[in-house]
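Right, one structure below, let's go through it.
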Number of protein chains: 2
Amino acid sequence: MTRATLRDVAAHAGVSYQTVSNVLNDHPSIRPTTRQRVLDAIRTLDYYPNQAAKALRESRVTTLCCAFYGHSASDISDPYRNLIQSAFVAQSNQSGYDMTTAFLSHGQPQSFQTLKSNFLQQRFAGALVVGSNLTSQEVQMFRDWKMPTVFFDHTVPALDMPSVTADYAQGMVQLVTHLAQQGRRRLALIIPKDDQGSTAAARRESFTQAAEQHGLAHQVVQGDWSYDSGKAAFEALHAGSFAPDAVLAGNDRMAAGALRAAHRLNVDVPGDVTISGFDDFEFALFTAPTLTTVHVPYGEMARKAVELLLTEISPGSSQAVQLSLPTQLIIRESA
Amino acid sequence: MTRATLRDVAAHAGVSYQTVSNVLNDHPSIRPTTRQRVLDAIRTLDYYPNQAAKALRESRVTTLCCAFYGHSASDISDPYRNLIQSAFVAQSNQSGYDMTTAFLSHGQPQSFQTLKSNFLQQRFAGALVVGSNLTSQEVQMFRDWKMPTVFFDHTVPALDMPSVTADYAQGMVQLVTHLAQQGRRRLALIIPKDDQGSTAAARRESFTQAAEQHGLAHQVVQGDWSYDSGKAAFEALHAGSFAPDAVLAGNDRMAAGALRAAHRLNVDVPGDVTISGFDDFEFALFTAPTLTTVHVPYGEMARKAVELLLTEISPGSSQAVQLSLPTQLIIRESA
DNA sequence: ATGAAAGCGCTAACAA
DNA sequence: TTGTTAGCGCTTTCAT
């Protein structure tokens, strides 16, 4: 048995199939009795309009895409990716859109080609690009494709493309001030190094500035956002000569690694050294001591990003909005 | 400027547009020179085939849907949902499929209607249904819709629908045996109560059996999978008369809550009481002490589930396969 | 080896 | 208020 089409419904209701279409699209000027007859036919035949035909005819799709840059598809535990993806899905579903996912990576121009291809094939209407160290050429590509795009966690001031990010500088200043007030004098930040215009850069730069403003000794050591790198970085600091009394991790995952290393090395936290994170993921409550961290409103950011994307997609699109949401220091036990 | 179509390419290459189609679909019997000419035209016009038209004509879509049952879209931190969703996305992308997400809930029959509607509208080709306490009527609905479906983490023996789950009983037996060998005599399990045929039921039942087999005192207390409920349950146990020397949480998230409660109450873990989880999420490494838990191979399960779904979708579909993958006890510090 | 014709299911003019 | 006509971009016979 094959699926019912418009014509089947029309035949069943004894009208022409365009009338059925009119009923479906709430067109005015349809006699209530006809309307009812059509509705009944739809119900008894269990008719559902074919989405592909509709999309073809209207040349519009109700799917969005979130593209993660620099995140491996196979790291299915990445809390950052997972949280953001879920937030996007929740928000776009609420707006009547589906959401698919793609992965971009710097090394693979083909990943960009695939995304472009999927867009031009009309598989999705616009993309949320999540990634903090896209090159400006890469950003430029999106504009060239004329693909509605919102950059997430990556500001691109020069190119004025729509973006949503958080005020990392503010959070970092709050954190450093808090540490200074506690009498901490020697601050070390664990964070990725060689990426510009990224959230890492924002966090790093404001760290340095804030530390200097407070007259504190400071050092930056490298991590790659992972638990293991946080652990390794703390061990390196412990073995090194700088001897920090406050270790700031660039994200919660590295902070968890640092905490573990401290525990292993019998370093008291926060007695001997404070350890703090950045993100405020749920597991910041799971560590012992619980993690002092900077809350980043990812949920809210995702909501805004989807909103921005949808206005960008809609016909009378305005100019590029660049949003930055406030962060907030969350003081728990570790700092 | 509008997007190039098949006819534009044909005009540019000086052939009929069906020839272009043939080139695109690797049809035999096309002269290499013509072929090359067409390929050039495609390249210079930056042509991409319209997906909607293709889907309409071929009546097939390359999108899958994962539907979460009993998981709130707004709990964007849920590690279970997040991990599984990511695993599905990773796997289906690798197979050339997109993946969208939907949410079902027991209270809302409309959520099921929406899913059905989306399927019949040909928005996706098949669904992965994640949820551990669907009623059998609900399961039956999927069969009635004739929608290719694989149930994840929910076995439905009576209805022989395809499913992928893990051998929770085995993991639980390993865990209880391990605890018994350590000399633990009084075991308490924190787990949701009133759901049948679910993973919770599987874990609960094998807990009781295993405890009795080892001649251990045992008790079950209620939790709802959340961090807070784990914390509350541990506090209740501490205040109660059963006085367990081993607390088993039904998942890692509740175990984290129990650990926190133990810490607050100055209960030594694992000295006074062991605490263990179930899942082996990444954050099981973040707790202090690190969490002894039962590893559930969600990544592998997701891979298999997508595989099963794709064979179910493909024309010559065979019968329903019900997979169960082995679990494994991971001994860390907490038990 | 290539071109012509038909039609997937729908919407949006227009005509009746 | 309803029916007629056309066509979205593509694949698939069937002729040539």
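Note that these values count all heavy atoms, side chains included, but never hydrogens, waters or copies made by symmetry. Letters A, B, ... mirror the listed sequences (proteins, then strands); counts begin at 1.
Phosphate proximity of dT11(D) to N25(B): present, with a side-chain N or O under 4.0 Å from OP1 or OP2. For dC10(D), the OP1/OP2 oxygens have no side-chain nitrogen or oxygen of S21(B) closer than 4.0 Å. Within the structure, a side-chain polar atom (N or O) of T34(B) is placed less than 4.0 Å from OP1 or OP2 of dT2(C). A close approach under 4.0 Å does not occur between any side-chain nitrogen or oxygen of S16(B) and OP1 or OP2 of dA4(C). Between K54(A) and dT11(C), a side-chain N or O to OP1/OP2 separation shorter than 4.0 Å is present. Distances shown here put a side-chain N or O of T19(B) below 4.0 Å from the OP1 or OP2 atom of dG3(C). Under 4.0 angstrom from either OP1 or OP2 of dC10(D) there lies at least one side-chain N or O belonging to Y47(B).
A salt bridge links K116(A) with D46(B): at least one charged nitrogen is closer than 4.0 Å to a carboxylate oxygen. Under a 4.0 Å N-O distance rule, the pair R35(A)/D26(A) qualifies as a salt bridge. Salt bridge annotation for R81(B)-D75(B): absent, with no cationic side-chain nitrogen under 4.0 angstrom from a carboxylate oxygen.
Following rounding to the nearest Å, N22(B) (CG) and dC14(D) (P) show an atom-to-atom distance of 15 Å. To the nearest angstrom, P of dT2(C) lies 11 Å from CZ of R35(B). Rounded to a whole Å, the CZ atom of R7(A) is 12 Å from the P atom of dT11(C). Atom CD in Q121(A) sits roughly 11 Å away from atom P in dT11(D) (whole-Å rounding). Rounded to an integer number of Å, the gap from CD of Q18(B) to C1' of dA4(C) is 7 Å. With rounding to whole Å, R57(A) atom CZ is found 9 Å from dT11(C) atom P. Distance CD (E58(B)) to P (dT13(D)): 12 Å, rounded to an integer number of Å. The nearest whole Å value for the distance from the CG atom in D8(B) to the P atom in dG9(D) is 9 Å.
Checked against the 6.0 Å centroid threshold, Y48(B) and F119(A) do not count as a close aromatic pair.
I30(B) comes within contact range of the sugar-phosphate backbone alone, with a heavy-atom separation under 4.0 Å but no base atom that close.
With hydrogens and angles disregarded, a donor-acceptor distance shorter than 3.5 Å links the side chain of S92(B) to the backbone of F88(B).
Comparing dT2(C), dG9(D), dA6(D) against the side chain of R31(B) picks out dT2(C) as the nearest.
Counting only heavy atoms from C-beta outward, the side chains of F152(B) and T165(B) never approach each other to under 4.5 Å. Taking 4.5 Å as the limit, some side-chain heavy atom of E312(A) sits within range of a side-chain heavy atom of V150(A).
Distance check, rounded to the nearest 0.5 Å: CZ of R143(B) to CG of D160(B) gives 5.5 Å.
The residue among P32(B) and L56(B) whose nearest nucleotide of DNA chain C is located toward the 5' end is P32(B).
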Notebook entry, point to check: Dot-bracket for DNA chain C, 5' to 3', counting Watson-Crick or G-U wobble pairs under 3.5 Å, with [ ] for crossing pairs and | for inter-strand pairs?
Noted result: ||||||||||||||.|
